[in-house]
Amino acid sequence: MEIPKAYEPKEVEGRWYPFWESRGFFTPDANPNPKAGVFSMVIPPPNVTGYLHMGHALNHTLQDVLARWRRMSGDRVLWLPGTDHAGIATQMVVERQLAQQNVSRHDLGREKFVERVWEWKAHSGGTILKQMRILGDSVDWSRERFTMDDGLSNAVKEVFVRLYDEGLIYRGEYMVNWSPGLHTAISDLEVEMKQVKGKLYHIAYPIGGATGAPVEGLAEAYAAANEGEAKSGLLRTPQGDFIVVATTRPETMLGDTAIALNPEDAAAGGRYGAIVGRTATLPLVGRELPFVQDEIVEKEFGTGFVKVTPAHDPNDFAMGRRHRLEFLQVIGKDAKITDAAPEKYRGLDRYEARKQVVADLEALGLMLRIEDYTHNVGHCQRSGVAVEPLISMQWFVRMKTLAEPAIQAVRDGRTKFVPESTTKIYFNWLENIQDWCVSRQLWWGHRIPAWYTPDGEVIVARDEQEARQRLAQRGLDPAVALREEEDVLDTWFSSQLWPFSTLGWPEETDDLKRYYPTDVLVTAFDIIFFWVARMMMMGLKFMGEVPFRTVYINALVLDPEGQKMSKSKGNVIDPLEVFDKYGTDAARFALTSASTAGLSLSLQESKLESARNFANKIWNATRFVLMNCDDILKDPEPIDWETRLAPPELADLWILSRFNRVALEVHNALAEFRFHEAAAQIYHFFWDDFCDWYIELSKPFVTAKEPTPQSQAVKRRMIYLLERSLRLLHPMMPFITEELWQRLPHKGETICTADFTSHNSAQLDGRAEREMNMVIELITRLRNIRSTFNIPPSTPLQAQIAPLDESIRGVIAGVQDHIKRLARIENLQLVEQLPEMKGAARAVSASFEVAVPLEGLIDFEKERARLQQTVEKLVKESDGIEKRLANADFIARAAAEVVVQTRERAAELQDQIGKLRAIIDAL
RNA sequence: AGGCUGGUAGCUCAGGGGUAGAGCACUACCUUGACACGGUAGGGGUCAGCGGUUCAAAUCCGCUCCAGCCUACCA
């Protein structure tokens with residue numbers, strides 16, 4: 001049979017997915033067993049604009065390992081795929097396309113624009129779905145979903161209306177994070193805090209009766225007042241009294257409507273008790289500002305005075321509400337100064353306005369100090385523009401009451417997080433949850449199901465017809481002209497319903513009954529808030545049950561240097577390139593075996609190479625079998641594995657036991673999401689036990705010219721083990737295992753639905769494993785002796801073995817031929833006790849003692865000289881004395897224990913080394 | 001500022017109260033009819049530091065020092 005020597009993944013990997021997909025192996029409906037268990041997962045829906053990145057590669061690989069494992073274990077497995085409409089991201093993609101033709105979405109109008117997005121989706125969307133096939137994801141394509149599908153859109157409306165009816169959704173004017181880049185409100189989670197090197201501006205506000213004329217010497221007075229320990233923001237000068245505030249955003253002063261200070265400072269006898277009852281005058285504007293007392297003001301920060309801009313800062317907003325201050329919006333949605341500000345500043349961009357305000361204050365002598373100041377500024381995750389806190393009319397979800405059951409469900413273990421430490425992230429967020437702004441001023445997304453009457457009444461309903469019914473119920477005219485809400489919902493509003501909306505909710509479908517709750521959710525920790533927590537809340541709210549029993553948080557994939565991958569750093573690794581270079585199976589195996597409980601994983605080239613080599617090993621082991629077992633493979637009789645095997649010898653019992661132990665371990669490891677351990681177990685079994693020992697031990701039988709009953713049995717057993725190993729490997733390496741499995745005798749159409757090898761405890765044999773370990777140790781010791789004394793393989797050796805443990809006698813006798821061949825021993829003698837031997841190498845283990853006569857094989861004088869030379873060389877090279885001493889010790893041990901020629905010679909060597917050590921000590 | 005997670009071989013990382021592990025790298029030997037993406041035999045560690053609990057600590061508990069991440073309304 002023609003099989004290439006080295007595994008070529010490219011030849012193999014393209015071939016199998018079309019076969020699997022077209023035959024429908026991945027749908028749970030294909031499982032003919034009516035009593036089959038159920039295992040379900042929903043995929044974290046990637047953005048429809050998305051491309052496969054390393055995070056997906058890991059996330060999908062782990063899910064696929066679970067899905068394939070459960071499927072092969074007999075479960076009815078549903079792994080449901082789909083994509084997210086990704087409101088902002090998708091709208092941006094299409095807008096960018098339009099921009100190339102100099103068209104804006106406003107030119108098109110809403111309806112046309114949305115049509116364009118759908119067109120885009122049909123032609124260019126969902127690239128990632130194709131890439132999932134390259135990866136091998138065994139998802140059920142017949143149940144693919146999109147968050148804007150009709151069914152899912154219905155679910156969104158249903159949920160919105162029900163939450164609204166219960167008072168869990170409300171509409172109101174509140175401070176939101178406004179993204180001037182996207183022209184929409186965004187949620188707290190979409191704001192990314194970035195460290196920004198800015199300035200802290202110290203500005204003087206006159207108290208009472210400001211003239212507006214420039215003042216002089218104020219900066220010096222301020223500096224003088226703050227020398228040493230003393231800190232004061234109250235300046236008393238011949239030109240009047242001033243208070244000093246510190247701010248990072250001087251342009252917002254145009255909207256100041258108060259000055260705040262800590263009640264302790266304002267108390268009679270307090271630091272600033274003197275200002276009580278007075279007012280400050282806002283420079284550049286002239287507005288009188290009252291002083292308000294608020295605990296939130298830290299006495300220690302700045303001067304202790306805070307300018308309050310209720311319309312442009314979340315804290316100030318809260319203070320504004322507490323103290324019933326005026327909310328003056330001086331920055332608009334375009335991030336430009338509004339008409340509420342003095343004419344001079346109107347229309348200026350917020351950063352230009354900052355410059356102008358600073359210049360004007362300097363001219364007035366009121367800018368007292370500008371210092372460098374690094375602080376955190378919220379930025380819009382998508383557009384990268386600094387967020388502008390603004391008051392605006394938006395829709396919100398009241399989260400507290402929804403969060404409570406979600407916390408409880410994890411506390412009492414209905415949903416488990418793996419690794420367990422991630423629950424802290426979850427609890428921390430839910431326990432401090434804020435209301436969620438869900439309205440977005442975009443066009444692509446689920447339109448909020450609300451209508452307005454000309455009188456400004458708001459009706460929330462599933463559709464316009466219902467809205468009119470509800471009008472009638474309220475005693476209003478159902479025939480009035482209704483205006484539909486323009487805003488759409490945050491993308492996450494629909495994705496939070498994913499575990500049940502994809503199964504048909506609100507209809508009570510069979511799928512919903514059968515597959516909800518799902519078994520496992522595999523996802524990354526950065527969307528625990530965005531997605532996992534919200535799914536928990538919604539699942540509990542609308543299904544009355546948790547959406548998943550286990551949440552497995554997979555690691556963040558870092559680059560080989562351990563850095564986060566990011567476009568700006570240019571260190572992003574494209575998984576498709578990795579698949580191409582090492583093979584998809586190898587990449588999958590590398591990812592699986594790197595998946596430990598940690599929160600991050602750095603992708604090492606060496607790990608990929610090692611996985612590629614492993615694939616090659618599997619290929620070649622199979623190649624060996626195919627090349628040597630023709631007679632068995634052509635046997636027209638089906639191979640009855642369990643009965644047609646001849647009485648096994650030790651090695652057979654051992655390998656069967658090892659296999660079953662590993663099958664058990666792999667099963668247990670996967671059941672507990674210890675992916676790396678499953679991978680490690682199978683790797684070492686296949687490579688070390690099966691290839692390095694079992695195949696090597698079996699070679700004389702397998703390659704024998706004349707078939708004997710025993711050689712036939714060994715071949716059968718080898719095919720049997722190989723086939724079972726391929727099944728064990730299949731969840732991690734689906735392509736190569738299918739390819740090879742198809743070439744071996746097998747039952748069934750595809751390895752995808754073959755039995756995952758559950759272990760057979762009847763084949764576990766602790767005694768065989770113990771005995772074989774002794775044999776392995778013995779062979780290793782003998783090889784070690786040969787290697788230590790540089791004896792070529794062609795030189796035959798004699799060996800005498802004295803058992804220290806009686807049970808080993810029979811064992812060794814039974815496998816003498818193996819020992820002789822693998823250690824290249826010509827004459828193996830079992831003796832009661834080792835005789836005194838001069839010039840022999842010895843080795844001792846717990847169960848045996850062995851001696852190999854070296855007389856005539858090596859030149860002792862030369863050997864001694866060689867050792868001495870080594871020692872000298874080591875000493876010469878040494879710069880770290882301690883380490884060299886350790887080496888000298890080793891040589892000494894070698895001299896004393898291994899080169900047991902005569903006591904005198906050993907002593908002589910010891911003496912030499914002693915002298916060398918003395919020299920080292922003297923250094 | 002709080003919180004979390006780590007510090008184990010040259011590198012990347014498992015493990016975790018009882019003899020310290022893997023992959024890669026390293027040394028020596030081997031082109032033996034499955035595989036040089038291979039085989040055989042090796043070398044290499046004060047398990048960050050200090051203290052405590054224990055017959056026994058890399059492992060459990062405190063503290064310290066480093067590194068990374070997350071959360072936060074210090075203007």
Side-chain angles (χ1 to χ4, degrees), chain A residues 3-7 193 200-201 245-249 252 260 296-309 313-319 373 375-376 378 389 419 421-422 424-425 428-429 432 525-526 528-529 556 558 560-564 582-583 586 590 593-628 674 676-677 679-680 683-684 687-688 691-692 695-696 699 702-703 779-788 790-794 821-824 882-883 886-887 890:
Chain A
I3 310 168
K5 258 174 117 167
Y7 175 52
M193 295 307 238
L200 189 62
Y201 301 87
V245 298
T247 180
T248 53
R249 298 192 59 194
T252 61
I296 201 173
V297 180
E298 303 258 347
K299 291 186 291 181
E300 304 309 318
F301 186 87
T303 61
F305 285 115
V306 178
K307 60 189 271 310
V308 184
T309 319
D313 180 277
N315 279 327
D316 294 7
F317 178 77
M319 275 198 271
Y373 188 69
H375 60 135
N376 290 321
S421 60
T422 50
K424 283 183 182 155
I425 304 177
N428 186 47
W429 187 67
N432 300 294
F525 74 91
D526 55 333
I528 290 180
F529 310 142
L556 182 72
L558 307 175
E561 268 75 52
Q563 300 289 310
K564 245 187 192 173
Y582 297 98
S593 62
S595 279
T596 57
L599 285 182
S600 63
L601 151 188
S602 83
L603 192 66
Q604 297 296 312
E605 201 94 10
S606 66
K607 200 116 203 166
L608 289 162
E609 277 176 22
S610 137
R612 179 204 53 195
N613 297 351
F614 184 45
N616 191 54
K617 194 74 184 177
I618 298 166
W619 182 260
N620 276 293
T622 309
R623 188 166 164 259
F624 174 77
V625 169
L626 293 174
M627 279 165 45
N628 290 292
R674 287 177 285 121
H676 71 288
E677 206 174 310
Y683 177 92
H684 287 114
W687 200 312
D688 301 348
C691 292
D692 288 349
I695 290 186
E696 290 307 323
K699 269 184 181 168
V702 172
T703 56
I779 292 170
T780 305
R781 296 292 174 104
L782 289 168
R783 283 166 168 175
N784 178 318
I785 289 168
R786 184 185 288 278
S787 167
T788 303
N790 264 326
I791 303 166
S794 50
R821 189 167 52 82
L822 291 179
R824 291 165 206 253
E882 279 182 11
K883 214 156 198 181
N887 274 314
F890 164 72

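So you know, we letter chains A, B, ... as the sequences are listed, proteins then strands, and number each from 1.
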Peer 1: In whole Å, I'd like the distance from the CG atom of A:Leu558 to the P atom of B:G68.
Peer 2: 12 Å

Peer 1: Touch check for A:Ala680, heavy atoms < 4.0 angstrom, all strands: base, sugar-phosphate only, or nothing?
Peer 2: nothing

Peer 1: Which whole-number value in Å describes the distance from A:Trp429 CH2 to B:A72 P?
Peer 2: 10 Å

Peer 1: Identify, between A:Leu200 and A:Ile425, the residue whose nearest nucleotide on RNA chain B lies closer to the 5' end.
Peer 2: A:Ile425

Peer 1: Closer than 4.0 Å, any side-chain N/O of A:Arg783 to the OP1 or OP2 of B:A41?
Peer 2: yes

Peer 1: Quick one: A:Leu603 CG to B:G23 C1', roughly how many Å, whole number?
Peer 2: 13 Å

Peer 1: With sequence neighbours left out, write down each residue that passes side-chain contact (heavy atoms from CB on, under 4.5 Å) with A:Arg781, or none if nothing qualifies.
Peer 2: A:Glu777, A:Ala843, A:Ser845, A:Phe848

Peer 1: Just jot down the side-chain contact (heavy atoms from CB on, under 4.5 Å) partners of A:Asn613, sequence neighbours excluded, or say none.
Peer 2: A:Trp687

Peer 1: Of A:Arg781 and A:Tyr7, whose nearest nucleotide on RNA chain B comes first from the 5' end?
Peer 2: A:Tyr7

Peer 1: Both distances under 3.5 Å, Watson-Crick or G-U wobble: on that basis, could you give the dot-bracket string for RNA chain B, with [ ] for crossing pairs and | for other-strand partners?
Peer 2: (((((((..((((....[..)))).(((((.......))))).....(((((..]....))))))))))))....

Peer 1: Nearest whole angstrom, please: distance from the C1' of B:G15 to the CZ of A:Arg674.
Peer 2: 12 Å

Peer 1: How would nucleotides 26-36 of chain B be written as a contact map, 5' to 3', with B for base contact, S for sugar-phosphate-only contact and - for no contact, using protein heavy atoms under 4.0 Å?
Peer 2: ------B-BB-

Peer 1: Please enumerate all residues that pass side-chain hydrogen bond (donor to acceptor under 3.5 Å, both in side chains) together with A:Asn616, with sequence neighbours excluded.
Peer 2: A:Asn620

Peer 1: Quick test of your reading: applying salt bridge (Lys or Arg N to Asp or Glu O under 4.0 Å), list the pairs with at least one residue in residues 604-615 of chain A, sequence neighbours left out, ordered by first then second residue.
Peer 2: A:Lys581-A:Glu605

Peer 1: Applying side-chain hydrogen bond (donor to acceptor under 3.5 Å, both in side chains), which residue pairs with at least one partner in residues 593-603 of chain A are found, sequence neighbours left out?
Peer 2: A:Ser602-A:Gln604

Peer 1: Listed by chain and number, what are the salt bridge (Lys or Arg N to Asp or Glu O under 4.0 Å) partners of A:Arg623, not counting sequence neighbours?
Peer 2: none

Peer 1: Name all residues meeting the side-chain hydrogen bond (donor to acceptor under 3.5 Å, both in side chains) criterion together with A:Lys5; count only those two or more places apart in sequence or in a different chain, and write none if there are none.
Peer 2: none

Peer 1: Among residues at least two apart in sequence or on other chains, which ones pass salt bridge (Lys or Arg N to Asp or Glu O under 4.0 Å) with A:Lys424?
Peer 2: none

Peer 1: Under 4.0 Å from OP1 or OP2 of B:A22: is there any side-chain N or O of A:Ser593 that close?
Peer 2: no

Peer 1: What is the separation between atom CD on A:Gln604 and atom P on B:C13, rounded to the nearest whole Å?
Peer 2: 6 Å

Peer 1: Phosphate oxygens OP1/OP2 of B:A75: is one of them under 4.0 Å from a side-chain N or O of A:Tyr373?
Peer 2: yes

Peer 1: For A:His684 and B:A14, give me the distance from atom NE2 to atom C1', rounded to whole Å.
Peer 2: 11 Å

Peer 1: So, is A:Asn784 close to the B:G42 phosphate, meaning a side-chain N or O under 4.0 Å from OP1 or OP2?
Peer 2: yes

Peer 1: One character per nucleotide, please: for nucleotides 1-8 of chain B, 5' to 3', B when the base has a protein heavy atom closer than 4.0 Å, S when only the sugar-phosphate does, - otherwise.
Peer 2: ---S----

Peer 1: Taking only residues two or more places apart in sequence, or in another chain, which ones meet A:Phe301 in a ring pair (Phe, Tyr, Trp, His ring centres under 6.0 Å)?
Peer 2: none

Peer 1: What's the NZ-C1' distance between A:Lys607 and B:A22, to the nearest Å?
Peer 2: 7 Å

Peer 1: Would you mind reading off the distance between A:Asn376 atom CG and B:A72 atom C1', rounded to a whole angstrom?
Peer 2: 9 Å

